[in-house]
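What you see is a predicted model, and the numbers here were worked out from it, not measured in a lab.
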Amino acid sequence: MQSPDDVAASIGRNVRALRRQRRMTIDALAAAAGLSRGTVIQIETARGNPSISTLVHLAEALRVGVTSLVDGDAAPRVVVRRAEQAVPLWSSAEGSTAVFRIGTDPPDVVELWDWTMRPGDAFEGEAHPAGTREVLSVLEGRLGLRVGQVEHQLGEGDTVLFEAHVPHRYSGAGDGPVRFTMVVLQPGDSGLVPPSAIAPAGDPD
């Protein structure tokens, strides 16, 4: 059985981590839970064990169960997604594909994609919510990238990071297929578009 000090430390660590994940200030959490600012500070700094009622109010404000607040297991979460679990979510008649490898849940979303684009084929990406960024790294071939109205050419080994709140376009720019990885970084949870909502393939321009 955990000691009272260990319980207080676990609760403080979990409340602070969950509050930061939800981008809440101490004042915002206190208001949502109906507690004073000082009480939240005391809990986060493990200066006393909160009552059951206080834990319930904090859990409701953070949108989790009480278990998430008192869990003392500090082991890092590890999610392994095997190759056969990868999900192809887009393909074209020319043989281009976009495979969704793995991703996280809101509020801070990270997605890893594996793309293969045939020569002359293209994908038109819609504008993402403000603050979204994409990182592309070319594994082989040549990639054409248009962000807004600006065109870029990327070769094998090239990597680019861009703000994706404007329409963007990927295209096969070489004589052979281009393969590249894509990481999507979207802070917060406003305007989230799940991977299953990716636009269908269209004719290249």
N14 CG to L58 CG distance, which is reported to the nearest 0.5 Å: 11.5 Å
Step-by-step side-chain contact (heavy atoms from CB on, under 4.5 Å) determination, W115 to T97: CA-CA 6 Å; W115 287 76; T97 59; over 6 Å; no
Least distance between heavy atoms, A86 atom then R101 atom: CB-NH1, 3.3 Å
Common cluster, M24/V56, ILVMFWY with side-chain heavy-atom separation under 4.5 Å: yes
E111 side chain near Q186 side chain, heavy-atom distance below 4.5 Å: no
Residue pair M182 / S137, side-chain heavy-atom distance below 4.5 Å: no
Same apolar cluster (I L V M F W Y, side chains within < 4.5 Å links), L55/I26: yes
G131 to P187 - nearest heavy-atom pair and separation: O-CD, 3.4 Å
Single-linkage hydrophobic cluster I41~L35, side-chain heavy atoms < 4.5 angstrom: yes
Any V178 side-chain heavy atom under 4.5 Å of T116 side chain: no
Step-by-step side-chain contact (heavy atoms from CB on, under 4.5 Å) determination, Q153 to R142: CA-CA 7 Å; Q153 293 287 319; R142 292 197 61 81; 3.5 Å; yes
Pairs where residues 172-182 contributes a residue and the test side chain to side chain donor-acceptor pair (under 3.5 Å) is met, not counting sequence neighbours: D114-R179
Minimal non-hydrogen separation, P167 against A127, with atom names: N-CB, 3.9 Å
Closest non-hydrogen atom pair between V166 and G148, with its separation: CG2-N, 3.6 Å
pair W113-V99: side-chain heavy atoms closer than 4.5 Å: no
Test log, rule side-chain contact (heavy atoms from CB on, under 4.5 Å), inputs L29 and V15: CA-CA 10 Å; L29 176 56; V15 169; 3.9 Å; yes
Heavy-atom donor-acceptor pair, R133 side chain to V184 backbone, under 3.5 Å: no
Heavy-atom pair of closest approach, residues G144 and A173: N-CB, 3.7 Å
Test item: side-chain donor near acceptor, H128 and E163, under 3.5 Å: no
4.5 Å side-chain heavy-atom contact, F123 and M117: yes
G155 backbone acceptor or donor facing D158 side chain under 3.5 Å: yes
Heavy-atom side-chain contact between I102 and V79 under 4.5 Å: yes
Steps toward side-chain contact (heavy atoms from CB on, under 4.5 Å) verdict (I52, T54): CA-CA 5 Å; I52 294 175; T54 297; over 6 Å; no
Within one Ile-Leu-Val-Met-Phe-Trp-Tyr cluster: W90 and V87, side-chain cutoff 4.5 Å: yes
Shared hydrophobic cluster, L18 / V70 (ILVMFWY, side-chain heavy atoms < 4.5 Å): yes
Test item: L145 and V147 side chains (from C-beta on) under 4.5 Å apart, heavy atoms: yes
N49 side, atom CG; Q42 side, atom CD - distance, nearest 0.5 Å: 11.5 Å
Q85, CD: over 12 other non-hydrogen atoms inside 6.0 angstrom: yes
Flag, side chain of S171 to backbone of D121, donor-acceptor distance under 3.5 Å: no
Within-4.5 Å side-chain heavy-atom neighbours: L62 and L69: yes
Separation of L136 CG from F180 CZ (nearest 0.5 Å): 6.0 Å
Donor-acceptor contact present, side-chain S68 to main-chain V64, <3.5 Å: no
Test item: side-chain donor near acceptor, E124 and H168, under 3.5 Å: no
Pair listing, salt bridge (charged side-chain N to carboxylate O under 4.0 Å, His left out) test, anchored in residues 38-47, at least two apart: R19-E44
CZ on R118 to CD on E94, rounded to 0.5 Å: 9.5 Å
